[in-house]
K.L.:
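The structure's right below; bear with me while I get my questions together.
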Amino acid sequence: MADTIAAISSAIGEAGIGIVRMSGNESLFIANKIFVGKKIERLTDANNRQLTYGHIVNPEDNSIVDEVLIVYMKSPHTYTREDIVEIDCHGGAIAVKKVLELLLKNGARLAEPGEFTKRAFLNGRLDLSQAEAVIDLIRAKTDKSYEASLSQLEGNLSLKIDDIQEILLEILAHIEVSIDFPEEDIEEVTYDELEDKAKVVLHMIDELISTADKGKILRDGLNTVILGKPNVGKSSLLNAILRENRAIVTDVPGTTRDIIEEYVNIEGIPLKIVDTAGIRDTEDLVEKIGVDRAKEVVEDADLIIAIFDASSELTKEDQQIIELVKEKKSIVLLNKTDLPNVYDSEYLSNILNGKEVINTSISKGEGIDILEKTIVDMFYGGRVKVKGEVLVTNVRHKNQLEKARKNIIDAIDGLNSCIPLDCIEVDIKNCWTNIGEISGDTVSEDILDKIFSEFCIGK
Ligand code: GDP
């Protein structure tokens, strides 16, 4: 029998209420030991899911620990599918901690990170991709990221995975029949039919993979680097973007600012400005970190914003930057167009093999709207729609899809060259297994541990 686990499920910090959660067979028994109700004295006497008022009391000396609302939720209709007791204490660090300590003293064990959600998965309440969506939902950086996670939590990705698996099963059944009755001579028709089905699977997998770049950006943010020689306007641009697009979650006290503050929200796209500190503090990225490292930073970036100064001649540094951005997904700005110009956007565009150049005057706030629109166009083809779309946001899912894609291509090749069906069967089974790891049908214990260890305790 699984232990009864407990943890603080709300964030620690000043707040009206804090929630301690307990899950497992002993939940009600343990809660009864430390709860004394006002109208309903014992939690056992309350109805399932009835919020009950009273006190948490230390059974050793009958001292009051906190004034709470408590609820008992009977299995199986709960998040974990187990008995759950949730206690609404006062917020802040102390009340929740004291209540948790009492639960632990009276028979519960401290939950591991993500253990509530892991139980929800193990008990069949969520599949693995839905469980993973829970953490993405909590960490969503913009409303669009949130919508993508919510859609995954609702099971929309799972449905697609189920559809693919269903066709794979049909193929497997077809193959087995043909292998079991070899005397009936496997006709060419069989090969053709199987190939058609396998191609449908390939198409479905490709469709999902094609959403992965966009999905990853929504989940992890768009890694953006601003490049430009000293004084070209990099800090000014950063400030302008930050001013117009409130950095995400900066006004929530107690959040780790240095991590979260780097994201800005451009129409739902979380923009993560990489090496911001480096760019802010030093005169020049290339100068400071060297050409090789700059190349690396550029290589890792999803987007480069390169700025040039229209009011001064192109320098050697400008040339270096031109070389860096030629091949990459980049947006080029010609800044300081309010000053007398030495060259124009057409001239710069020619040097950049015809790349589009946006005229800006960052200090006057001109051109920044065009920059933002260009970012949106670039990553969503001008269309920021997430609701109702199924996006692959998770790199793990993308990797599994790519493995499955290889399997199904091998199968199609094999069918084309009419190799024996039991060889094809191996590819199809591998494909099924690889796809199954997304929803967790076929996932190993190690992978589960790794996934849930990324969760916070109490989730
Ligand atoms: P960085 O070294 O690339 O970060 O450049 P800064 O953003 O610090 O800008 C350097 C100087 O150029 C500052 O004095 C800015 O006010 C000024 N500046 C930035 N953009 C413009 C612009 O579009 N026009 C003009 N005239 N000055 C600008």
Side-chain angles (χ1 to χ4, degrees), residues 1-12 15-59 65-91 95-128 130-135 137-138 149-150 153-155 158 440 448 452 455-459:
M1 192 177 62
D3 298 342
T4 294
I5 53 173
I8 299 167
S9 281
S10 49
I12 301 285
I17 57 170
I19 297 174
V20 179
R21 176 159 64 168
M22 178 160 59
S23 176
N25 279 346
E26 303 273 285
S27 295
L28 184 60
F29 175 72
I30 295 169
N32 267 324
K33 289 204 250 180
I34 64 162
F35 174 74
V36 179
K38 183 90 175 171
K39 254 190 187 156
I40 301 168
E41 203 167 316
R42 284 162 51 81
L43 192 55
T44 323
D45 302 326
N47 293 327
N48 181 27
R49 294 168 183 269
Q50 181 182 2
L51 205 56
T52 307
Y53 169 77
H55 289 96
I56 298 294
V57 171
N58 186 345
V65 175
D66 197 12
E67 184 187 12
V68 303
L69 285 170
I70 191 166
V71 62
Y72 165 61
M73 293 175 267
K74 192 168 162 45
S75 76
H77 301 294
T78 66
Y79 183 63
T80 55
R81 290 266 195 264
E82 301 174 333
D83 277 1
I84 286 186
V85 168
E86 246 173 56
I87 308 173
D88 289 358
C89 320
H90 283 104
V96 280
K97 195 164 151 266
K98 280 186 183 289
V99 171
L100 174 65
E101 275 167 8
L102 264 190
L103 294 177
L104 300 181
K105 246 191 185 161
N106 284 279
R109 151 173 86 66
L110 184 64
E112 286 163 16
E115 197 171 0
F116 290 95
T117 307
K118 187 177 184 182
R119 288 184 176 197
F121 163 67
L122 292 174
N123 294 329
R125 159 86 169 60
L126 302 166
D127 77 14
L128 193 56
Q130 290 174 305
E132 287 171 299
V134 171
I135 191 77
L137 198 74
I138 295 172
S149 324
L150 193 61
L153 178 62
E154 293 290 304
S158 315
L448 283 187
F452 287 103
F455 278 54
C456 41
I457 289 187
K459 184 61 239 173

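Heavy-atom basis, side chains included; hydrogens, waters and symmetry copies ignored.
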K.L.:
Would you say CD of Gln50 has more than 12 non-hydrogen atoms from neighbouring residues, nucleotides or ligands within 6.0 angstrom?
P.N.:
yes
K.L.:
So, do Leu126 and Leu153 sit near enough that their side-chain heavy atoms are less than 4.5 Å apart?
P.N.:
yes
K.L.:
Where do Leu122 and Lys118 land on the side-chain contact (heavy atoms from CB on, under 4.5 Å) test, with the steps shown first?
P.N.:
CA-CA 6 Å; Leu122 292 174; Lys118 187 177 184 182; 4.1 Å; yes
K.L.:
Under 6.0 Å from the NZ atom of Lys33, do we count more than 12 heavy atoms belonging to anything else shown?
P.N.:
yes
K.L.:
Which one of Ile19, Val68, Val71 satisfies the side-chain contact (heavy atoms from CB on, under 4.5 Å) criterion with Asp88?
P.N.:
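So the option named by the test is Ile19.
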K.L.:
Which atom pair, heavy atoms only, marks the closest approach of Ala131 to Thr117?
P.N.:
CB-CG2, 3.8 Å
K.L.:
Given 3.5 Å as the limit, does a donor-acceptor pair link the side chain of Asn123 with the main chain of Arg81, or not?
P.N.:
no
K.L.:
If I compare all heavy atoms of Ala95 with all of Cys89, which pair ends up nearest, and what's the gap?
P.N.:
CB-CB, 4.4 Å
K.L.:
Ser27 side chain to Gly24 main-chain N or O, any donor-acceptor pair under 3.5 Å?
P.N.:
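Side chain of Ser27 to backbone of Gly24: a pair is present.
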K.L.:
Relative to Phe35, does Arg42 satisfy both conditions: NZ or CZ under 6.0 angstrom from the six-membered ring centre, and within 45 degrees of the ring's axis?
P.N.:
no
K.L.:
Check this for me: does any side-chain nitrogen of one of Glu26 and Arg109 sit under 4.0 Å from a carboxylate oxygen of the other?
P.N.:
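The answer is no: the pair does not qualify as a salt bridge.
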K.L.:
Nearest heavy-atom pair of Ala6 and Leu104: which atoms, and what distance?
P.N.:
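Ala6 and Leu104 have their closest heavy atoms at CB-CD2, 4.4 Å.
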K.L.:
Tell me, please, whether Tyr79 has Lys459 positioned over its six-membered ring: NZ or CZ under 6.0 Å from the ring centre and within 45 degrees of its axis?
P.N.:
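Geometry flag: set, cation within 6.0 Å and 45°.
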K.L.:
Can you list the steps and then say if Arg21 with Ser9 is a side-chain hydrogen bond (donor to acceptor under 3.5 Å, both in side chains)?
P.N.:
CA-CA 6 Å; Arg21 176 159 64 168; Ser9 281; 3.2 Å; yes
K.L.:
Let me see the working for Glu82 and Ser23 under side-chain hydrogen bond (donor to acceptor under 3.5 Å, both in side chains), right down to the final yes or no.
P.N.:
CA-CA 6 Å; Glu82 301 174 333; Ser23 176; 2.6 Å; yes
K.L.:
Does the side-chain contact (heavy atoms from CB on, under 4.5 Å) test come out yes or no for Leu110 and Leu100, once each step is laid out?
P.N.:
CA-CA 8 Å; Leu110 184 64; Leu100 174 65; 3.9 Å; yes
K.L.:
Let me see the working for Asp83 and Tyr72 under side-chain hydrogen bond (donor to acceptor under 3.5 Å, both in side chains), right down to the final yes or no.
P.N.:
CA-CA 8 Å; Asp83 277 1; Tyr72 165 61; 3.0 Å; yes
K.L.:
Where do Leu448 and Phe121 land on the side-chain contact (heavy atoms from CB on, under 4.5 Å) test, with the steps shown first?
P.N.:
CA-CA 10 Å; Leu448 283 187; Phe121 163 67; 3.4 Å; yes
K.L.:
Out of curiosity, Ile70 CD1 to Met22 CE, how far, rounded to the nearest 0.5 Å?
P.N.:
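Reported to 0.5 Å precision, the distance equals 6.5 Å.
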K.L.:
How close do Leu102 and Pro59 get, counting heavy atoms only, and between which atoms?
P.N.:
CD2-CD, 4.1 Å
K.L.:
Looking at every non-hydrogen atom in both residues, tell me the closest pair between Val96 and His90 and how far apart they are.
P.N.:
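Taking Val96 first and His90 second, the nearest heavy atoms are CG1-O, 4.1 Å.
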K.L.:
Could you grab the distance from atom CD1 of Ile56 to atom CD of Glu67, nearest 0.5 Å is fine?
P.N.:
11.0 Å
K.L.:
At what distance, to the nearest 0.5 angstrom, does NZ of Lys38 lie from NE2 of His55?
P.N.:
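Rounded to the nearest 0.5 Å, the NZ-NE2 separation comes to 7.5 Å.
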K.L.:
Ser10 and Ile17: side-chain contact (heavy atoms from CB on, under 4.5 Å), yes or no, with the steps?
P.N.:
CA-CA 8 Å; Ser10 49; Ile17 57 170; over 6 Å; no
K.L.:
Keeping Asn106 on the side-chain end and Ile34 on the backbone end, is there a donor-acceptor pair under 3.5 Å?
P.N.:
no
K.L.:
Examine distances only and state if a side-chain atom of Asn32 and a backbone atom of Leu43 form a donor-acceptor pair shorter than 3.5 Å.
P.N.:
yes
K.L.:
Grab the two heavy atoms, one from Asn58 and one from Val65, that are nearest each other, plus how far apart they are.
P.N.:
N-CG2, 3.9 Å
K.L.:
Starting at OG1 of Thr52, measure out to CG of Asp45 and round the result to the nearest 0.5 Å.
P.N.:
9.5 Å
K.L.:
Just verifying a value: how many Å separate Arg49 CZ and Lys74 NZ, rounded to the nearest 0.5 Å?
P.N.:
11.5 Å
K.L.:
Measure the CZ-CZ distance between Arg119 and Phe452 for me, rounded to the nearest 0.5 Å.
P.N.:
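The CZ atom of Arg119 sits 12.0 Å away from the CZ atom of Phe452.
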